[in-house]
Amino acid sequence: MSNVPDKPSIEGIEQRWRERWAADGTYRFDRTKTRDEIYAIDTPPPTVSGTLHIGHCCSFTHTDIVARFWRMRGKEVFYPMGWDDNGLNTERRVQLMLGIACDPSLPYDPDFEPPAAPPKDPIHVSRPNFVELCARITEQLEEAYFELWSTLGLSVDWTQTYTTIGEHARRTSQYGFLRLHEQGHVYRADSPTLWDVDMRTAVAQAELADKEVAGAYHRMRFALATGDRAGEPLYIETTRPELLAACVAVVAHPDDARYQPLFGTEAITPVFNARVPIVAHELADPEKGSGIAMICTFGDTTDVTWWRELSLPVRVIVEKDGRLSSQAPAGLDEAGRGAYGEIAGRTVKQAQRRVVELLREAGCLDGEPRPITHPVKFWENGTKPLEIVTNRQWFIRYPPKEDLLARGRELTWRPDFMRVRYENWVNGLIGDWNITRQRFFGVPFPVWYPVDEDGNAIHDQPILAAADQLPVDPSSDGPDGYEADQRDKPGGFTGDPDVMDTWATSSLTPQIAGHWIDDPDLFERVFPMDLRPQAHEIIRTWLFSTVVRSHFEFDSLPFANAAISGFVFDPDRKKLSKSAGNSPDDPNAVITEFGSDAVRYWAAGGRPGMDVAFDRNQLKVGRRLSIKLLNASKFVLSFGEPDPTAAPSQPLDLALLARLGDVIDEATAAFESYDYTKALERTEPFFWSFCDDYVELVKSRAYGGDASALATLRTTLSTLLRLFAPFLPYVTEEVWSWWQDGSVHQSSWPERAEVAPESAESAAAPHDGFDVFDVAAAVLADIRKAKTAAKKSLRADVERAVVHGPEAQLAALEAARSDVTEAGRVAELVTEPGSPELTVDVLLVD
RNA sequence: GGGCGCGUAGCUCAGCUGGUUAGAGCACCUCCCUUACAAGGAGGGGGUCGGGAGUUCGAGUCUCUCCGCGCCCACCA
């Protein structure tokens, strides 16, 4: 065929075909299809504030492989792409990249440009400037992602894109909030909240990470104030002496005999001299420290539990900026207030140092602090330990745990054991979902509050935006019924200053991508979706929150299958470096070196849920496979087109096709259970065997124009290209274009019946289970072995080959006799029945 | 502390409901420039399946236990 190049090459095929696919709309979604004809994917919107690395290529390739399979299988694939540019991570990224910080009190400067290099001290900019710069940075990053995804060959419909900060997402997110409010699932409360003092925002339970940090046990002497033992010392150990002034009680386990007599009496704190009750609670651990702990408002989440369950007073000293408040807390005597004056306004760290000195001076520090390391809660991307402050926050009330667990069981997890992560998380839920962030680059709450005559916001009478106003920014838009100049005035209104956490929006990705609020017809065609591909570390956030929102809004799962991908490690089993650019795992560099198909081949080796090692070997193998496909295809096509009426008839050909039929069945079954790796593992060895054995065996007939051979070669090639197409979209498309019309990616997935009709199968395996192909290939291999052992070329002539073996195998060999003698250059082939094993004696011509 | 996963040739991995001498690719060694491909081809050596115990006629494959690695969760005094 004339379209076959003389020297086929994989260089540059990415650019050529991605342009062609874009021009042809090869992956365009046809929305006229109905739900049962559609395969819809809730694509993970990558965090564009992150850095591209080869790990991204891995999991996104997995999804694309699955998408391509279902498309060929006849489904209309809905494959959108989002960019997660919303939220705290983006802000942090932008602050670091540009060296800026947001100060909402500053006026907008339309001419502000950040310096080329980030300055040492951050430049303070207005909120509009800050948001603008966030948008600018994310756009640049999104472009880089788009380039990479396109080059990698993701069959995304690029007309179906969204960003989690874009207008459509904001509107959907705000509408979702209003719906929750309407249904009573959301409430506002003043509550102790985990707080990042650097970013100055609340952080949700789902965003926590423990870090092991150095600390020290300080053994402090309290004094008993009441009861029989008044005046005696009481020793309490703490890692946070700076919170001593916030101590509201001391607590021991109710069964702890050492402290039972003290319950109900009071103690006096050292230095600050506050009287605090001695209480009992089963969360107190007799094994830790001295077995009796001080309860502070608030040192950790256990303090919150104690404070809540024991109805203790509040004595907060840590402010939102991580410094101690200027006002001494209640309950201190005059000396105590004096002591507090020395730590007021200091950072937590400075305060700790000073409190220890004060303790020592007062003789209340028993011994020296004992250094330890212990786990401390951080925001997962933060650098300072979280503090707990009280603040007014919006919460989503979780559905009952039983309902959530039932949803988890209803969902098909791939692999199944990932369900446990979800169940662990659900079972460990504490409190409700705080969706409030005191940040700027996020979706604002569509809420205002009336301002009373004294100028105070009335927080329990929120004014909600109307659905048709959305999206609103309450800091610039006003509520219906008010004039703009009434903002922040007595009798006027004020906007809710906060934004929603990123998951409050990301939990709506099916609704955003499927256009729930503005295209119900589309939404009905794609929801609930078929597939949610995602990483396991965000089961507790993204997957969980999406299930919650769908449960509330639709009383259903948001998707039927969750395909959970593993991590990518570098060859030393360490996590991949995050540095982009010149690192060895920079995806663009890897693609340039090996080709997109090779990267996809490597990625395809990672089963759902399994960690994947970054392995240049596999990339090399993938590249080799791609090149082999080009060359083998060129060779097969070089024999010319068979007569249209030609059908495979020779036993060897029928045997090959029967085996191909098996491969189709296995690959199809594997794909249907999302085991794309197995599908590839079945196809690949068949292909190599086809090249090394079958093609060698039929060369002679093919050169002679034998119709059976030519038909078999072409049928097999067509089938192989389609079996490989989900994995190697470029090279298969390239070859397909040489001799077929249209795109291989729009062709149909092969079926056994096309290659191996029943009649042919029975003809192919007539020899007691020994098929002709196996035997012919085995004999050929023995002949090659003899030539190699004799250090001869494979073209060396064989004078005589004697094949010993069971009659059934020899009969199978007879069916392909001339193919074997031609391929092996055997002058005389003799069969000797009787041996239990197939062996070949080869006599070479000198 | 609880849970999940993993531990098979130097490396990356297959080995289904237990059953003949444990497989593949890469790497390594030897050979072959053969008219699809030398960024190729043909062949070869190499593992007692993390350790131990058990069930069984028989275990890489089931049970228990220990060791190592990774991850998730957990109330940080």
Side-chain angles (χ1 to χ4, degrees), chain A residues 4 6-10 210-213 215 217-218 220 236-240 243 250-252 281-285 287-296 299-306 372-378 385-386 415 417-425 427-428 430 536-537 539-540 566-567 569 571 573 575 602 605-607 609-618 620-621 623-625 627-639 677-678 681-682 684-685 688 691-692 695-696 699 703 780-781 783-796 825:
Chain A
V4 182
D6 286 341
K7 200 82 176 133
S9 158
I10 62 170
D210 281 353
K211 294 189 188 177
E212 198 69 31
V213 299
Y217 272 123
H218 298 75
M220 304 182 298
I236 292 183
E237 297 197 20
T238 182
T239 55
R240 302 206 56 187
L243 293 178
V250 295
V251 62
H281 194 281
E282 56 278 353
L283 282 184
D285 183 352
E287 302 295 317
K288 275 192 184 164
S290 55
I292 186 162
M294 65 171 183
I295 302 175
C296 303
D300 59 34
T301 52
T302 314
D303 279 344
V304 176
T305 307
W306 280 328
I372 54 160
T373 60
H374 59 159
V376 174
K377 286 198 195 312
F378 282 67
L386 294 175
F417 64 76
M418 287 294 179
R419 175 184 286 107
V420 176
R421 309 256 176 136
Y422 174 88
E423 290 176 347
N424 277 351
W425 175 249
N427 286 321
I430 298 166
H536 55 71
E537 75 269 23
I539 289 174
R540 65 172 174 167
F567 279 135
F569 292 98
R573 281 281 156 193
K575 267 194 170 177
W602 159 72
R607 299 183 139 75
M610 299 292 283
D611 291 340
V612 182
F614 179 67
D615 184 355
R616 298 176 76 83
N617 261 338
Q618 291 305 107
K620 218 164 75 184
V621 174
R623 182 178 172 83
R624 207 167 69 104
L625 174 63
I627 294 170
K628 187 77 174 181
L629 257 172
L630 288 179
N631 286 315
S633 301
K634 174 189 156 197
F635 188 53
V636 165
L637 295 173
S638 73
F639 295 119
T677 307
K678 188 173 184 177
E681 279 174 357
R682 292 295 179 273
E684 195 185 356
W688 286 104
C691 292
D692 297 340
V695 171
E696 291 302 323
K699 248 182 195 172
Y703 277 125
L780 181 60
I783 293 169
R784 286 170 179 156
K785 187 190 273 189
K787 292 179 182 178
T788 300
K791 305 194 174 187
K792 297 259 186 172
S793 153
L794 292 183
R795 288 179 71 196
R825 297 184 157 243

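Excluded from the calculations below are hydrogen atoms, water molecules and symmetry mates; all remaining heavy atoms, backbone and side chain alike, are included. Within every chain, numbering begins at 1; the chains are lettered A, B, ... in the order of the sequence lines, protein sequences first and strands thereafter.
With a cut-off of 3.5 Å on both Watson-Crick or G-U wobble distances, the partner of C62(B) is given as G54(B). Pair assignment for C26(B) gives G10(B), based on Watson-Crick or G-U wobble hydrogen-bonding distances that are each under 3.5 Å. Pairing for A74(B) is absent, with no Watson-Crick or G-U wobble pair whose two atom distances lie under 3.5 Å. Of the nucleotides present, none pairs with A36(B) by Watson-Crick or G-U wobble criteria with both distances under 3.5 Å. Base pairing of G5(B) is made with C69(B), judged by Watson-Crick or G-U wobble geometry with both donor-acceptor distances under 3.5 Å.
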Protein-proximity profile, nucleotides 31-40 of chain B, B/S/- by nucleotide at the 4.0 Å heavy-atom cutoff, equals SS-BBBB-BS
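Using a 4.5 Å heavy-atom cutoff, the side chains of W425(A) and I539(A) are not in contact. Residues V213(A) and H374(A) form a side-chain contact, since some pair of their non-hydrogen atoms from C-beta on lies under 4.5 Å apart. C296(A) is not listed as a side-chain neighbour of R240(A), based on a closest heavy-atom distance of 4.5 Å or more. Using a 4.5 Å cut-off on side-chain heavy atoms (C-beta onward), T238(A) and Y217(A) make no contact. Contact check for E684(A) versus V621(A): side-chain heavy atoms found under the 4.5 Å cut-off. Looking at heavy atoms from C-beta onward, D300(A) lies out of side-chain contact with K377(A) at the 4.5 angstrom threshold.
Separating the CD atom of E684(A) from the P atom of G25(B) is a distance of 10 Å, rounded to the nearest angstrom. Between the CG atom of L625(A) and the C1' atom of C26(B) there is a distance of 14 Å, rounded to whole Å. Atom NZ of K678(A) and atom P of A24(B) are 18 Å apart (whole Å). In this structure, CE of M610(A) is placed 12 Å from P of U12(B), rounded to the nearest angstrom. Atom P of nucleotide C71(B) and atom CZ of R540(A) are separated by 14 Å, given to the nearest angstrom. When rounded to the nearest whole Å, the span between NE2 of H536(A) and P of C6(B) equals 13 Å. Taking atom CZ on F567(A) and atom P on C6(B), their separation rounds to 16 Å, with Å as the unit. In this structure, the CE atom of M418(A) is 10 Å from the P atom of C6(B), given to the nearest Å.
In this structure, the nucleotide among U12(B), C76(B), C71(B) sitting nearest to the side chain of D615(A) is U12(B). Nearest nucleotide to the side chain of N424(A), out of C26(B), C72(B), A74(B): C72(B). In this structure, of G43(B), A74(B), C76(B), it is A74(B) that holds the atom nearest to the side chain of W425(A). In the set G5(B), C72(B), U12(B), G5(B) carries the atom at the smallest distance from any side-chain atom of F417(A). When each of A14(B), C71(B), C26(B) is scored by its nearest atom to the side-chain atoms of V621(A), the top-ranked nucleotide is C26(B).
T239(A) comes within contact range of the sugar-phosphate backbone alone, with a heavy-atom separation under 4.0 Å but no base atom that close. Nucleic acid contact class of K785(A) (heavy atoms, under 4.0 Å, all strands): sugar-phosphate only. The residue R607(A) sits close only to the backbone: its heavy atoms come under 4.0 Å of sugar-phosphate atoms, none of a base. Among the atoms of the strands shown, none is found under 4.0 Å from any heavy atom of A796(A). If you check every strand for non-hydrogen atoms under 4.0 Å, K620(A) touches sugar and phosphate atoms only.
Here, G58(B) and U20(B) have their P atoms 14 Å apart, quoted to the whole Å. The gap from the C1' atom of G15(B) to that of A59(B) amounts to 13 Å, rounded to the nearest Å. Remark: the separation of the C1' atoms in G1(B) and G19(B) is 42 Å, to the nearest Å. Distance noted for atom P between G2(B) and U65(B): 12 Å (whole Å). With both ends at atom C1', the span from A42(B) to C49(B) equals 30 Å, rounded to whole Å. Rounded to the nearest Å, the gap between the C1' atom of G10(B) and that of G47(B) is 11 Å. On the C1' atoms, U30(B) is 25 Å away from U12(B), given to the nearest whole Å. For U48(B) and C11(B), the P atoms lie 13 Å apart once the distance is rounded to whole Å.
With salt bridges taken as basic N to acidic carboxylate O contacts below 4.0 Å, one links R607(A) and E681(A).
Side-chain atoms of W602(A) do not come within 3.5 Å of backbone N or O of K620(A) as any donor-acceptor pair.
T302(A) pairs in a side chain to side chain contact (heavy atoms under 4.5 Å, CB included) with only one of the listed residues (D285(A), L283(A), I295(A)), which is L283(A).
Residue R421(A) places none of its side-chain N or O atoms closer than 4.0 Å to OP1 or OP2 of G3(B).
Taking for each of G428(A) and Q618(A) the nucleotide of RNA chain B with the nearest heavy atom, the 5'-most of the two is the partner of Q618(A). Comparing N617(A) and A789(A) by the nucleotide of RNA chain B that holds the closest heavy atom to each, the one mapping nearer the 5' end is N617(A).
The two residues R825(A) and A796(A) make their nearest non-hydrogen contact at CB-O, 3.9 Å.
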